[in-house]
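Worksheet: the structure to be examined is printed underneath.
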Amino acid sequence: MLELLRIRNLALIEDAEVEFGPGMNTLTGETGAGKSFILRAVDFITGEKMDRKLVRPGAEKAEVEALFILPEGETVIRRELSAATGRSRLFINDRLGSQDAVRELKPKLVIHTSQHGQQKLLSPAFQSEVLDSFLPDTKLLEERDARLAELKAVIAEMEELDRKCDEIAGQREFLDFQKREIAAVDPQPGEEDELEQRKSVLKEREQAGECFRNALDAIHGESSLLDALSLLSREMGIISRLFPDFEQEHAAVEEFRLHLYEIDSRLRKGPEHLGDDDDDMTLDDIEQRLYKLSQLRRKLGRNISDLVDLAAEVEEKLSFLDACSLDRKTLERKEAEIVEKLSGTLETLNKARKKAAKELSLRIEAELSDLGFSEHVKVHFEFTEVPLHDGVTDLRARIMWTPNPGQPAQPLDKIASGGELSRLLLALTSLRRNPGGEHLPTLIFDEVDAGIGGLTLGSVGRKLSELAERQQMILITHWPQLAGLAERHFSILKEVVDGETFTRCTELKGKAIRQELVRMAGGGQQGEALADKLLNQR
């Protein structure tokens, strides 16, 4: 139940607080006074969009707050609309919430039936939804939707597979070319850097070989360093025997001579015996390999690391192309399985629809009879096939009716007047199952009585009263006959103060109710008589 609604800075409403009660609550007032903005506020707080232009001029934001009494306790929903950005923020029990969350709550909060609903009722798609909402087991609809979603997913997968196969097939010749070129060279990750490093090492060793030869020439050349040192060592030996003070110098010369022999021995072996020289490639081999890699890079326009990845990518695409046929057959089998299951679901669903259509037609006829229609009014559902997939059709229901005997059944949009649509919508609302178990959401009727009058008002009033006994109702009406039935009566009034226009919402009591009913009845003695009559009937 909607217990309290507070609106700030919305359109012409500066600050309004409305405390609704159980049963029927009516909103009345002159056309253009702002009654619809009260209900727009309810729509806004239950997830509908609102234009920022509806924020009252001069205000930074509009704010709507509502208190709902639900089986689990009180639920407070507050929503703000920024005048500057048009963005809104929503709070559920003072915690920031999402519009999806409040839309999930909405079926437990309100059912809004308006003149817009009458226009929706003319839509065959909506009429089909109406019938589906009266199915005894809505799980069939969920199963159908799940099967359809599976089918659409498989079809999308097949389409994507076909698209990709066609795309790769168009590249087949180029892919084969790339594969051959890469396979002929067979580049390895990091190979170029490794070859350049090996090339550098070999060049350094080649340079070292020259140095080795020069060193050996220095040792064994025309002025042989070894011969000179041998002579020097022999002479220093004689000197040291004659002059012992030279013994240390003689030892140093001899030590250096012996060390030179060791150097000579190592130099004779060459640079090849130094380090890990297990490289089986010569400089020419490395240069040729680098040239091949360079040619491949220029031909395919990629660096070596990209070429390694390209080889894997090309192989993957070609493998995918080879597997396309098998993958498509697998998807086709899956599609056939889903279609078979979907067909079975639809067969069961459509049988349930036809049975529900017969029962609902009789119930609608009974409701319409209570709402002032002829006892001869007939309603039935006509079914048309709607293709969902090759060989799979769903049934779409359309309401057909015969308001008068002797006339052929026709769709609503061909013969139904506004008043007839209003009563049909009221009949369907009264038959609607309770979506929330024991809890009944608030019914909102926005001028659903449009297009009716006279004796029909009495029938509509009785039906509205019956509905109000089972659940809370908010009714906007221009008819005093209906307003007089309310437990709570609110007047919506537009007034101008200091050049500014304001919409006021006031709960009427006692004499104020009578005055409003007189106004609605046209005033004068006739209006007063009708108002008194309505009040005496309460």
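Both backbone and side-chain heavy atoms feed into the values below; hydrogens, waters and symmetry mates do not. Source: prediction; values computed, not measured.
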Hey, is the main chain of [Y] close enough, under 3.5 Å, to the side chain of [X] for a donor-acceptor pair?
| X | Y | result |
| --- | --- | --- |
| Asn25 | Met473 | yes |
| Ser82 | Thr85 | yes |
| Ser128 | Pro124 | no |
| Asn93 | Val76 | yes |
| Ser133 | Val130 | yes |
| Arg89 | Glu80 | no |
| Ser265 | Tyr261 | no |
| His250 | Ile239 | no |
| Glu19 | Leu4 | no |
| Thr442 | Leu2 | yes |

Heavy atoms only: give me the nearest Arg144-Leu342 pair and the separation to one decimal.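 Shortest heavy-atom contact: O-CD1, 4.0 Å.
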
Any idea which heavy atoms bring Ile444 and Val42 closest together, and the distance?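 Scanning both residues, the minimum pair turns out to be CD1-CG1, 3.8 Å.
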
For the pair [X] and [Y], find out whether any cationic side-chain nitrogen is under 4.0 Å from an anionic carboxylate oxygen.
| X | Y | answer |
| --- | --- | --- |
| Arg328 | Glu332 | yes |
| Glu65 | Arg6 | no |
| Lys139 | Glu142 | no |
| Glu254 | Arg234 | no |
| Glu337 | Lys334 | no |
| Asp100 | Arg103 | yes |
| Glu63 | Arg79 | no |

Identify whether NZ of Lys or CZ of Arg in Arg504 sits under 6.0 Å from the centre of the six-membered ring of Phe502 and within 45° of that ring's axis.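 Cation-pi check for Arg504 and Phe502: passes.
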
Within 45° of the ring axis of Phe134 and under 6.0 Å from its six-membered ring centre, is that where the NZ or CZ of Arg353 lies?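 Output no; distance or angle outside limits.
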
Answer yes or no: does atom [atom1] of [X] have more than 12 heavy-atom neighbours from other residues, nucleotides or ligands under 6.0 Å?
| X | atom1 | result |
| --- | --- | --- |
| Glu72 | CD | yes |
| Asp94 | CG | no |
| Glu249 | CD | yes |

Taking ring pair (Phe, Tyr, Trp, His ring centres under 6.0 Å) as the definition, give me every residue that meets it alongside Phe37, ordered by chain and number, with sequence neighbours left out.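 In terms of ring pair (Phe, Tyr, Trp, His ring centres under 6.0 Å), with neighbours along the sequence ignored, Phe37 is linked to no residue.
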
